[in-house]
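First comes the structure, then the notes that go with it.
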Amino acid sequence: MLDINNQNWNNWQWQLKNAVGFTELPALFPKHDFSGCSAVDSLFTVKISPYYLDLLRKENGKGPLSRMALPHIAELMSGGFSADPFGEEQGASRCYGVKQRFPDRALIMVSGSCTMNCRHCTRKGLLGSAEIVCSSEHIKQAVEFIESKPLIREVLLSGGDPLMLQDESIIDLVAVFAGLPQIDAVRIGTRVPVTLPFRVTPELAGELGSSLKVWINTQFNHVSEITREAEKACCLLVEAGVPVSNQSVLLCGVNDSSDAMFDLCSGLQRIRVRPYYVFLCDPIAGIDHFRVSKERAVKIESELAVRLGGLALPRFVEDIPGAERKVPI
Ligand code: SF4
C-alpha cells in the first residue's frame, strides 16, 4: 500500500486520508512485536501518514522514528503520573478552549487532531476530548478574554495541530488575534513540517508570512526527520518571513546522546530552523519509557555546549506544573 510514486503522494489531504492505523501495522512490520498494543491503540489511536511511514520503513520499524510512531505496551503504565498534570482539561481555563499559565501568553486550542499521533505526546490523554475554539462564538469569547488581560502579548495557537485546519480557518484565526493591538506575536505550535511537510504549501506560507506576526514552533526530534521534503517546508516558511524555531523533547532511545543532539541541532541550523528548547518529558502518564533522567540530560547539555555555537545550542528545560517559567535543568 506504500506507493511513493502515487500521483497524490505530495497532496497533504491524500496523505491524511490514507493515514495508517493499528490494524495495518502487523502486515507492514511483520517482525515487530505488537502484543498488547490493541489496548494501547484504544487509549491513544495509532495514526501515521504514508509519508512518515516511509521513513519508518527505511529504518525497518526499529529505529528512533519508529519509537515515536509505533505503539508500545509500556504506554499502558501510568508511571505514577496523571494524564493532565497541568490542569489543561479542568480548572486552569476561565474561557472555553483558552489556557493561561503565564501572564504574557495565552494558549488557544484550535484543533483536536494531528497528522500523526506521536507516542510520546504530552497531550495524549486529552487529544480528542479537549475544548476546541472553532465557532465564531468561541473566537469572540477568546478575544474578549485576551482583551480583559492587557498583559497578554503573545497568543499560541495549539491543539492538536493547528495546521490540520483548512487554510481559510488558519488565516482567519491568525488575522483575528494578530489584529489585536496588544498582541505582538501569534505563535503556531505544529509538527506538520516534520510529519507531513506537504501541508506547508507556498500559498499557506505566503499568507502566514504576510501577517508579520506569525512565528512557527515545530518539533524535530531526530536528524532523520530532516528530509528534503521537511527542508522544503521550512524553507517556504522562512522565505515567506516566518521565523521557525524547534522545540525537541529529550526521548530515551531517540535522541538521548550528545551525538544525536549534535546531529539534530546542526541539521536544523543548516535548514535555518533555530534549535530553541529541549524539553525533558512532562510528568504525564504513558510515556515513562521515553523519560531521560535529569542527570543524563545535564550531561548531554554540557557535552553539547562545547560542540555547538550559541545559535545552534538549544536550552534544556523542564515544564513543571505550577512553575512561573520553563525551568532550566
Ligand atoms: S503533533 Fe504534537 S500534539 Fe500532535 S500527537 Fe504529536 S506531539 Fe502530540
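First listed ligand is number 1; within each ligand, the first listed atom is number 1.
- Annotation: cation-pi pair R67/F290 present, NZ/CZ under 6.0 Å from the ring centroid and within 45° of its normal.
- Atom 1 (S) of ligand 1 is approached by the protein to below 4.0 angstrom, counting heavy atoms only.
- Looking at residues two or more places apart in sequence or on another chain, you find no ring pair (Phe, Tyr, Trp, His ring centres under 6.0 Å) involving H222.
- With sequence neighbours excluded, the residues forming a salt bridge (charged side-chain N to carboxylate O under 4.0 Å, His left out) with D54 are R57, K58, listed by chain and number.
- Relative to the six-membered ring of Y276, R274 misses at least one condition, a distance below 6.0 Å or an angle of at most 45° to the axis.
- Seen from the ring of W215, R187 does not count as a face-on cation partner, given the 6.0 Å and 45° thresholds.
- Partners of F220 by ring pair (Phe, Tyr, Trp, His ring centres under 6.0 Å), not counting sequence neighbours: none found.
- R307 and S266 share no donor-acceptor pair across their side chains, judged by distance under 3.5 Å alone.
- Within the protein, the number of N, O or S atoms lying under 2.8 Å from atom 8 (Fe) of ligand 1 is 1.
- Residue-ligand proximity, M116 to ligand 1, at heavy-atom distances under 4.0 Å covers atoms 5 (S), 6 (Fe).
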